Engineer: 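Attaching a single structure in structure tokens format; questions to follow.
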Amino acid sequence: MDIVKADNLVFEYIRRDDEGNPVDVTTALDHVNIDVKQGEFVGILGHNGSGKSTFAKHLNAILYPTEGTVIVDGMNTTDESRVWDVRSTAGMVFQNPDNQIIGQVVEEDVGFGPENLGVPTAEIWSRVEESLRAVGMLEFRYKSPGKLSGGQKQRVSIAGVLAMHPKCIILDEPTAMLDPSGRKEVVRAIRGLNDVEKMTVILITHYMDEVVHADRIFVMDKGRVVMHGTPREIFSQVEQLESLRLDVPGPTRIAWELKKKGIPLPDGILTCEELVKEIQKCR
Amino acid sequence: MPLILDHVCQVYNADTEMSVRALDDVSLIIPEGQFIGVIGHTGSGKSTLIQHLNGLILPTSGSVYYNGQDITDKDFDRKELRKHVGLVFQYPEHQLFETDVFTDVCFGPKNIGMSKKEAELAAFDALRKVGFPDDLYYASVFELSGGQKRRAAVAGVLAMKPDFLILDEPTAGLDPVGRYEILDMVSELHRTAGITIILVSHSMEDVAMYVERVIVMDKGRVAYDDVPREVFSHSEELEKMGLSIPEPSKIARQLIKAGLNVDPGVLTSGEAADSIYKALMYR
């Protein structure tokens, strides 16, 4: 069952002059077709300005399609009577953790979402606990968010979304502002959500190594989906990714350079372990 | 003229329970013409360190010398120092504030006392050096891409014609190609304009690829100060500091463990591929 389905989605930003006449039209999304199944881990890659974030904003009805449709869990996002249902189905996590935390205490912040949805108090507390546990932040529940590191704050933001019991969580470059250890924590938490909690995850990122374990990857460029496939399929196309201003994971690049020199390695090596294993076979 | 830090300590909130020793007996010589990378875990003192280099923060004890003068002396002109030591903060594009790019870049040089004409010439020169597209000189900063904004912000500092250029994570939030473009641009400034570069980075791969000297900060102290190859040979110690070694170095080490004769000092994927190739072909 598709939890998210974008069908020929077009989105245009229209700039208007003072009288309201259109002066300029930018097509930010150009006939995008992306479908995500329940329980999947989908990565969306693309350089700055490729349309990734514009797409994400369509998934919880922050933006509406100019043409085409976006269906989230059977609901059309343009159906005004279902806007709140769409938003509680597809939870969003953004780049900057400092902009997403409002509570004075971690558990209060995580409880804000469900409280806002009218969830009974007793259930709010049980949701807060399970959400903080899912991202490994339960021991910080009585702390002040101001005292946390970037990675910890971002995990609290994720818990805040989880507490609303969405069916799908969309993360828009959640690690862009974090240091390497913060990135690791957050990526581990996200993978855990998908593996353990069976949460549908859509991860938008610039970091190739974060989507190595995704089920499928969509690559966007100039508002279009230009590549689509498993990580192995995508990352075996090093030159095409480079022409799209992207990169490949480190081990994939080394394997690709060795192949160019004539070492018979298979396509689409993604991790350090795979590379070491394959090189040993060549001896 | 070199910048010299002599037994510099910085204690925030001294004499309170919150007292933090952000810099602990740091002594460094930064001669003109080097390309230096500063790495360290969040909270290791990197940012505090660089703010001492242009007198934004004065040491609690110890001294900073520029041009043979102690910058903490009462009669030392710190405004003059800031003309020579330019500092580009993280996310510098948040500090663009003028109506168009060119006016914004002119602000710095005018502020340090250049005439309008001088400032404009300096701004043209700086925008050209950072490779800013000339058809966008009079564009609003809101019309620029992430990478363009970053260039404009660097140009604003460069227009003051500094001898030292300090950049605090200049590639944060950029896509892979955007990252290389900014680092190539900085490298070019070092090579052709002879500007001393101090690059604060979270990316071991970037540091390994570009700089000639690495300063590793840990708990307010200088843990290592050496050429990249030497610094990154301490993989276990770096790991303990919450840092890592570049990914190609990790792969080389695993292959050595597996019995291949690979150079343990490789730093980039190109070097790793060359060394692995040799190990496979000439056994």
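Only heavy atoms go into these numbers, but all of them, side chains included; no hydrogens, no water, no symmetry mates. What you are looking at is a predicted structure, and each value in this text was computed from that prediction instead of being measured. Residue numbers start from 1 in every chain, and the chains themselves are labelled A, B, ... in the order their sequence lines are given, proteins ahead of strands.
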Engineer: Under 4.5 Å, heavy atom to heavy atom: which of residues 209-238 of chain B reach chain A? Give them by number, or say none.
Structural biologist: none
Engineer: Checking B:E205 against chain A: side chain, backbone, both or neither under 4.5 Å from a heavy atom?
Structural biologist: neither
Engineer: I need the minimum non-hydrogen distance between B:L144 and B:A139, along with the two atoms involved.
Structural biologist: CD2-CB, 4.3 Å
Engineer: Under 6.0 Å from the CG atom of B:D135, do we count more than 12 heavy atoms belonging to anything else shown?
Structural biologist: yes
Engineer: Between A:P180, A:G49, A:P249, A:S149, which has the largest tally of heavy atom pairs under 4.5 Å with chain B?
Structural biologist: A:P180
Engineer: Can you list the residues of residues 257-265 of chain B that sit under 4.5 Å from chain A, counting heavy atoms only?
Structural biologist: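 The residues closer than 4.5 Å to chain A, in numerical order, are B:A258, B:G259, B:L260.
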Engineer: Tell me yes or no: between the side chains of A:E210 and A:T205, is some donor less than 3.5 Å from an acceptor?
Structural biologist: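 A:T205 and A:E210 do have a side-chain donor-acceptor pair below 3.5 Å.
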Engineer: Once you round to the nearest 0.5 Å, how far does OH of A:Y207 lie from CG of A:D247?
Structural biologist: 11.5 Å
Engineer: Considering all heavy atoms of both residues, which atom of A:C272 and which atom of A:P251 are nearest to each other, and what is their separation?
Structural biologist: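 Of all heavy-atom pairs spanning A:C272 and A:P251, the closest is N-CG, 3.6 Å.
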Engineer: Flag the one option from B:D175, B:D274, B:L174 with the top tally of heavy-atom pairs under 4.5 Å to chain A.
Structural biologist: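 Most heavy-atom pairs under 4.5 Å with chain A: B:D175.
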Engineer: Yes or no on salt bridge (charged side-chain N to carboxylate O under 4.0 Å, His left out) for A:R183 and A:D209, after CA distance, side-chain angles and deciding distance?
Structural biologist: CA-CA 11 Å; A:R183 271 182 60 203; A:D209 49 332; 3.2 Å; yes
Engineer: Using heavy-atom distances under 4.5 Å, tell me whether A:L246 contacts chain B through its side chain, its backbone, both, or neither.
Structural biologist: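 Both parts, backbone and side chain.
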Engineer: Which one, B:E169, B:M204, B:R179, B:Q90, leads in non-hydrogen pairs under 4.5 Å with chain A?
Structural biologist: B:R179
Engineer: What closest approach, in Å, do A:K259 and A:D267 show between heavy atoms, and which atom pair accounts for it?
Structural biologist: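 Closest approach of A:K259 to A:D267, heavy atoms only: NZ-OD1, 2.7 Å.
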Engineer: Return the option, out of A:E257, A:K261, A:Q95, A:R253, with the maximum number of heavy-atom pairs under 4.5 Å with chain B.
Structural biologist: A:K261
Engineer: For A:V93, run the side-chain contact (heavy atoms from CB on, under 4.5 Å) check against A:I190, A:I170, A:L171 and tell me which one passes.
Structural biologist: A:L171
Engineer: Which pair of non-hydrogen atoms, one from B:P246 and one from B:A208, has the smallest distance, and what is that distance?
Structural biologist: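 Distance-wise, the nearest heavy atoms are CG-CB, 3.6 Å.
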Engineer: Answer yes or no for B:R150 and B:Y91: cation-pi contact, defined as NZ/CZ to six-membered ring centre under 6.0 Å and angle to ring axis within 45°.
Structural biologist: yes
Engineer: Side chain, backbone, both or neither: which part of A:I254 has a heavy atom under 4.5 Å from chain B?
Structural biologist: both
Engineer: Salt bridge or not for A:D98 and A:K153, using N-O below 4.0 Å?
Structural biologist: yes
Engineer: Measure B:T42 against the heavy atoms of chain A and call it side chain, backbone, both or neither at under 4.5 Å.
Structural biologist: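 Both backbone and side chain.
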Engineer: Does the side chain of A:D172 come under 3.5 Å of the side chain of A:S53 through a donor N or O and an acceptor N or O?
Structural biologist: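 Yes, a side-chain donor-acceptor pair sits under 3.5 Å.
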Engineer: Please indicate whether B:F142 has more than 12 foreign heavy atoms, meaning atoms of other residues, nucleotides or ligands, lying under 6.0 Å from its CZ.
Structural biologist: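 Open.
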Engineer: Look at the aromatic rings of B:F102 and B:Y138 and report parallel, tilted or perpendicular, splitting at 30° and 60°.
Structural biologist: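 Ring orientation, 0 to 90° scale: tilted.
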Engineer: Taking every non-hydrogen pair under 4.5 Å, which of A:N48, A:I279, A:L45 racks up the most with chain B?
Structural biologist: A:N48
Engineer: Chain A heavy atoms under 4.5 Å from B:L243: which part of the residue, side chain, backbone, both or neither?
Structural biologist: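 Answer is neither: B:L243 stays 4.5 Å or more from chain A.
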Engineer: Who among B:G173, B:G147, B:S145, B:S244 has the most heavy-atom pairs with chain A under 4.5 Å?
Structural biologist: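 Answer, by heavy-atom pair count under 4.5 Å with chain A: B:G173.
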Engineer: What residue, out of B:S203, B:G270, B:P248, has the most heavy-atom pairs lying under 4.5 Å from chain A?
Structural biologist: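 So the answer, after comparing B:S203, B:G270, B:P248, is B:G270.
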Engineer: Any idea which heavy atoms bring A:I217 and A:F235 closest together, and the distance?
Structural biologist: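 Distance-wise, the nearest heavy atoms are CD1-CE1, 3.8 Å.
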